[in-house]
Peer 1: 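Have a look at this one before I ask anything.
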Number of protein chains: 2
Amino acid sequence: METITNKQRKVNMPGRGMMSPGWGGKFRGCGYRMTLPRQAILNVLQKTKKHLSAEDVYMEAHKIFPHLGLTTVYRTLELLTDMGELNKFDFGDGRARYELMEISEEDHHHHLVCTKCKRIINYSDFVDEELEFLKRAEKGLSKKYNFEINNHIIQFYGVCDKCKKSK
Amino acid sequence: METITNKQRKVNMPGRGMMSPGWGGKFRGCGYRMTLPRQAILNVLQKTKKHLSAEDVYMEAHKIFPHLGLTTVYRTLELLTDMGELNKFDFGDGRARYELMEISEEDHHHHLVCTKCKRIINYSDFVDEELEFLKRAEKGLSKKYNFEINNHIIQFYGVCDKCKKSK
DNA sequence: AAGTTAATGAAAATTATTTTCAATAAAAAG
DNA sequence: CTTTTTATTGAAAATAATTTTCATTAACTT
């Protein structure tokens, strides 16, 4: 596990493999700056397929950039969410959970949430018919309510296989 | 605004008009008891079409049953949610919001959430095609993952009419 | 009417998240 | 490359929603 220090800054800057290019531009395009803490946080978000909480992100990013503070994690997650680059979820366990858009998009899925054990199952079945439905709904809704739709969430709640068996 | 006192208990018990019959039975069927605080809370939930927070419910129910405590509101809302009688939502404003299943069902709708002003628009368009999609998804998912689906959430996030205009 | 036990409310505790503010470091300017 | 500007940072304190504790009360049972 390599850590990022200030001296290594240029080596680890976007476009050199550690990071998909473009993040710096995205930030700067919105008037923000690309910083080491933000890089570390993005690295963590890009490497996982899990739904991390702010604390989870902090623990992981802290390994790469030890000086990182939890506050900065919260701020960065909020920023990315506002920029539309990050999906924020509530699975009912009392903390927000996050997933990069980038990842949701290349692997379009929704969630089955077990209300007993809080397990999350990603599913990507029915994507075709779902996209069909979503496309029409979005078009119709944005017209009728003059509402600009940027994102959507579909979640099913119920009892998972394991919890059904352990009853 | 009438308040409920202990002396009025029998008068106000379910089945006498203040309350749709059956709540007492539902509670007892699950091993719980029908109590005055719960009646007051249910009254509030049944009278509104808004998405109330725990605090909202407390303020309203407190008018009917002044001895009520906020803790009891939280407990009752959790209980009803676990019983599958109440939908719990997170619209991103830092507090949970609730809506009786009873009401969601008789007026099936989903939500447009404005990420700028947090306004919630209920919509019930596309319900037919949606039901079609949901029915198939639920059947397929419950078979493939052996997941018992009890509920679902669909939310669209974006910018509402007013916020678009005030840009 | 008395007994059993779930439910209650006040206060304290917990916990995720936000705010404050002086110090730091990106990007811009010279 | 140095200086300037200003966004960003992290530690600590503050906030606010929700949960827990525990002695008391009141639903339902007998």
Side-chain angles (χ1 to χ4, degrees), chain A residues 4-10 12-14 23-42 52-59 61-62 65-83 88-98, chain B residues 4-10 12-14 23-42 52-59 61-62 65-83 88-98:
Chain A
I4 301 175
T5 64
N6 263 315
K7 288 180 185 169
Q8 292 173 323
R9 193 168 73 76
K10 282 175 185 167
N12 287 310
M13 279 300 268
W23 280 112
K26 266 175 187 159
F27 275 103
R28 265 174 255 113
C30 300
Y32 305 121
R33 293 171 181 180
M34 174 50 79
T35 64
L36 291 175
R38 287 175 182 171
Q39 275 182 61
I41 291 165
L42 281 166
L52 302 181
S53 65
E55 185 98 33
D56 294 337
V57 172
Y58 170 69
M59 305 260 263
H62 190 270
F65 185 66
H67 193 251
L68 180 68
L70 179 57
T71 309
T72 297
V73 173
Y74 274 104
R75 280 189 286 230
T76 302
L77 294 176
E78 186 186 0
L79 189 61
L80 287 168
T81 304
D82 290 346
M83 288 165 70
K88 184 177 183 180
F89 294 104
D90 170 35
F91 293 137
D93 64 345
R95 64 198 64 195
R97 296 187 169 272
Y98 301 85
Chain B
I4 301 176
T5 64
N6 263 316
K7 289 179 185 169
Q8 292 174 322
R9 193 167 72 76
K10 284 175 185 166
N12 286 312
M13 281 299 268
W23 280 112
K26 266 176 188 158
F27 276 103
R28 267 175 253 113
C30 300
Y32 305 123
R33 294 171 179 178
M34 175 48 82
T35 65
L36 292 174
R38 287 176 181 171
Q39 275 183 61
I41 290 166
L42 281 166
L52 302 181
S53 66
E55 185 97 33
D56 294 338
V57 172
Y58 171 71
M59 305 259 265
H62 190 268
F65 184 67
H67 192 251
L68 181 67
L70 179 56
T71 309
T72 298
V73 173
Y74 274 104
R75 280 189 286 231
T76 302
L77 295 176
E78 187 187 359
L79 189 60
L80 287 167
T81 303
D82 289 346
M83 288 166 67
K88 184 176 183 179
F89 294 103
D90 170 36
F91 294 137
D93 65 345
R95 66 198 63 194
R97 297 188 167 273
Y98 300 86

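What you see is a predicted model, and the numbers here were worked out from it, not measured in a lab. Worth knowing before you read on, the calculation uses all heavy atoms, side chains too, and leaves out hydrogens, waters and symmetry mates.
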Peer 1: So, taking the atom named CG in L79(B) and the one named CD1 in I41(B), what distance separates them when rounded to the nearest 0.5 Å?
Peer 2: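 Taking CG in L79(B) and CD1 in I41(B), the distance rounds to 10.0 Å.
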
Peer 1: Rounding to a whole Å, what distance do you find between D93(B):CG and dA17(D):P?
Peer 2: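 Roughly 9 Å, once rounded to whole Å.
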
Peer 1: Provide the closest heavy-atom pair for Y58(A) versus G69(A) in the form atom of the first, atom of the second, distance.
Peer 2: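 Heavy-atom minimum between the residues: CE1-C, 3.8 Å.
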
Peer 1: For the pair made of CD in Q39(A) and C1' in dA25(C), what is the distance, rounded to whole Å?
Peer 2: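 So the two atoms are 13 Å apart, to the nearest Å.
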
Peer 1: By nearest heavy atom, map Y32(B) and G31(A) onto DNA chain D; which one lands nearer the 5' end?
Peer 2: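 It is G31(A) whose nearest nucleotide is closer to the 5' end.
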
Peer 1: Any idea how F89(A) and F91(A) line up, ring-wise: parallel (<30°), tilted (30 to 60°), or perpendicular (>60°)?
Peer 2: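 The arrangement is parallel - the two ring planes meet at less than 30°.
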
Peer 1: Using the closest heavy atom to pick a nucleotide of DNA chain C for each, name whichever of K88(A) or L79(B) lands nearer the 5' end.
Peer 2: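 Nearer the 5' end of the strand: L79(B).
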
Peer 1: Find the distance F27(B):CZ to dA26(D):C1' and express it as a whole number of Å.
Peer 2: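 Going from CZ in F27(B) over to C1' in dA26(D) covers 16 Å.
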
Peer 1: Distance check: side-chain N/O of R33(A) vs OP1/OP2 of dT8(D), anything under 4.0 Å?
Peer 2: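 No, no such contact exists.
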
Peer 1: For every nucleotide of nucleotides 8-13 of chain C, 5' to 3': is a protein heavy atom under 4.0 Å from its base (B), only from its sugar-phosphate (S), or from neither (-)?
Peer 2: BBBB--

Peer 1: Given dA17(D), dA26(D), dT17(C), which nucleotide is nearest the side-chain atoms of Y74(B)?
Peer 2: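 Output: dA17(D).
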
Peer 1: Rounding to a whole Å, what distance do you find between M34(A):CE and dA25(C):P?
Peer 2: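 My rounded result for the distance is 17 Å.
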
Peer 1: Taking atom CE of M59(A) as the centre, does the number of heavy atoms from other residues, nucleotides or ligands within less than 6.0 Å exceed 12?
Peer 2: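 No, the 6.0 Å shell around CE holds no more than 12 heavy atoms from other groups.
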
Peer 1: Roughly, in whole Å, what's the span from CZ in R95(B) to P in dT18(D)?
Peer 2: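 For the pair R95(B) CZ and dT18(D) P, the rounded distance is 8 Å.
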
Peer 1: Could you tell me the separation between the CG atom of L36(A) and the NE2 atom of H67(A), rounded to the nearest 0.5 Å?
Peer 2: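 Going from CG on L36(A) over to NE2 on H67(A), the span is 11.5 Å.
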
Peer 1: At what distance, to the nearest 0.5 angstrom, does NZ of K26(B) lie from CG of L80(B)?
Peer 2: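 One gets 10.0 Å once the value is rounded to the nearest 0.5 Å.
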
Peer 1: Could you tell me how far apart L42(A) (CG) and dT8(D) (P) are, to the nearest whole angstrom?
Peer 2: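 The distance from CG of L42(A) to P of dT8(D) comes to 13 Å, rounded to the nearest Å.
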
Peer 1: Whole-Å distance between dA26(C) P and W23(A) CH2?
Peer 2: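 For the pair W23(A) CH2 and dA26(C) P, the rounded distance is 19 Å.
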
Peer 1: When rounded to the nearest 0.5 angstrom, what is the spacing between OG1 in T35(A) and CZ in F65(A)?
Peer 2: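 Reported to 0.5 Å precision, the distance equals 7.5 Å.
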
